[in-house]
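Worksheet for the structure shown next.
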Amino acid sequence: MTTLSGDDFESAVVSVIDSLKPGDIISYGEVAAEAGYPGAARAVGRVLKGSTGLPWWRVVTSTGRLVPGHEVEHERLLEQENVIVLNGRVVR
DNA sequence: TATCTGACGATAG
DNA sequence: CCTATCGCCAGAT
């Protein structure tokens with residue numbers, strides 16, 4: 001039956017992020033595209049914000065910028081994954 | 001059903 | 001390089 005729910009979108013996003021490995025960085029738009037919802041970068045941010053247990057720190061903005069409002073926390077978490085962050089930007 | 005919001009993306013200035 | 005504006009999508013009220 002057509003039991004469509006936003007849960008499908010969240011599940012897809014969670015699956016993509018959970019598939020990432022330590023040190024692997026991806027942008028919101030990339031996550032949305034991989035989840036099957038290209039252009040839904042904003043919706044992805046909503047999932048990260050409301051979902052716990054997800055490595056949200058592996059997700060950065062398209063320009064490699066850290067998450068606004070969480071730059072300090074984000075940078076610290078990335079360093080734990082062997083990721084170098086300079087000036088609020090991820091070094092790749 | 002309509003309207004607003006938001007851990008975004010891209011472009012313009 | 002930084003700020004501002006528009007556009008896109010899904011969820012919440």
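Just so it is clear, the values below take in all heavy atoms, side chains as well, and ignore hydrogens, waters and symmetry mates. The sequence lines fix the lettering, A, B, ..., with proteins before strands; numbering per chain opens at 1.
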Nucleotides 2-5 of chain B: which of its N/O atoms have a protein N/O under 3.5 Å away?
from  : atom 1 : to      : atom 2 : distance (Å)
B:dT5 : O2     : A:Arg46 : NH2    : 3.2

Dump the pairs, protein N or O against N or O of nucleotides 5-9 of chain C, anything under 3.5 Å, distances to one decimal.
from  : atom 1 : to      : atom 2 : distance (Å)
C:dG7 : O6     : A:Arg42 : NH1    : 3.1

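Each of A:Ser62 and A:Val44 was matched to the nucleotide of DNA chain B holding its nearest heavy atom; the match closer to the 5' end belongs to A:Val44.
At whole-Å resolution of the value, NE2 in A:His70 and P in B:dG6 are 12 Å apart. Remark: P of B:dA7 and CG of A:Leu77 are 17 Å apart, rounded to the nearest angstrom. When rounded to the nearest whole Å, the span between CH2 of A:Trp57 and P of B:dA7 equals 18 Å. Residue A:Arg76 contributes atom CZ, which lies 17 Å from atom C1' of B:dA7 at whole-angstrom precision.
At least one side-chain heavy atom of A:Ile17 sits less than 4.5 Å from a side-chain heavy atom of A:Leu48. At least one side-chain heavy atom of A:Phe9 sits under 4.5 Å from a side-chain heavy atom of A:Val47.
The structure places CG of A:Asn87 at 6.5 Å from CZ of A:Arg65, a figure rounded to the nearest 0.5 Å. Residue A:His70 holds its NE2 atom at 11.0 Å from CG of A:Leu77, rounded to the nearest 0.5 Å. Note that CD of A:Glu71 and CZ of A:Arg89 are 10.5 Å apart. Values are rounded to the nearest 0.5 Å. With rounding to the nearest 0.5 angstrom, the CG atom of A:Leu78 is 9.5 Å from the CZ atom of A:Arg58.
Between the A:His74 side chain and the A:Leu66 main chain, no donor and acceptor come within less than 3.5 Å of each other.
The two atoms that bring A:Gly45 and A:Tyr28 nearest to each other are CA-CE2, 3.6 Å, heavy atoms only. Between A:Ala32 and A:Ala41, the shortest heavy-atom distance links the atoms CB-N, 3.9 Å.
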- Whenever both distances are under 3.5 Å in a Watson-Crick or G-U wobble pair, mark it; put DNA chain B into dot-bracket that way, with [ ] for crossing pairs and | when the partner is on another strand. .|||||.||||||
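Residue A:Val90 forms a side chain to side chain contact (heavy atoms under 4.5 Å, CB included) with just one option from A:Thr61, A:Val83, A:Thr63, and that option is A:Val83.
Across all strands shown, A:Gly29 has heavy atoms under 4.0 Å from sugar-phosphate atoms exclusively, and none from any base.
Distances were taken from every side-chain heavy atom of A:Tyr28 (C-beta onward) to each of C:dG11, C:dC2, B:dG9; the shortest belongs to B:dG9. You'll find that the side chain of A:Leu48 is closest to B:dA7, out of B:dG9, C:dC2, B:dA7.
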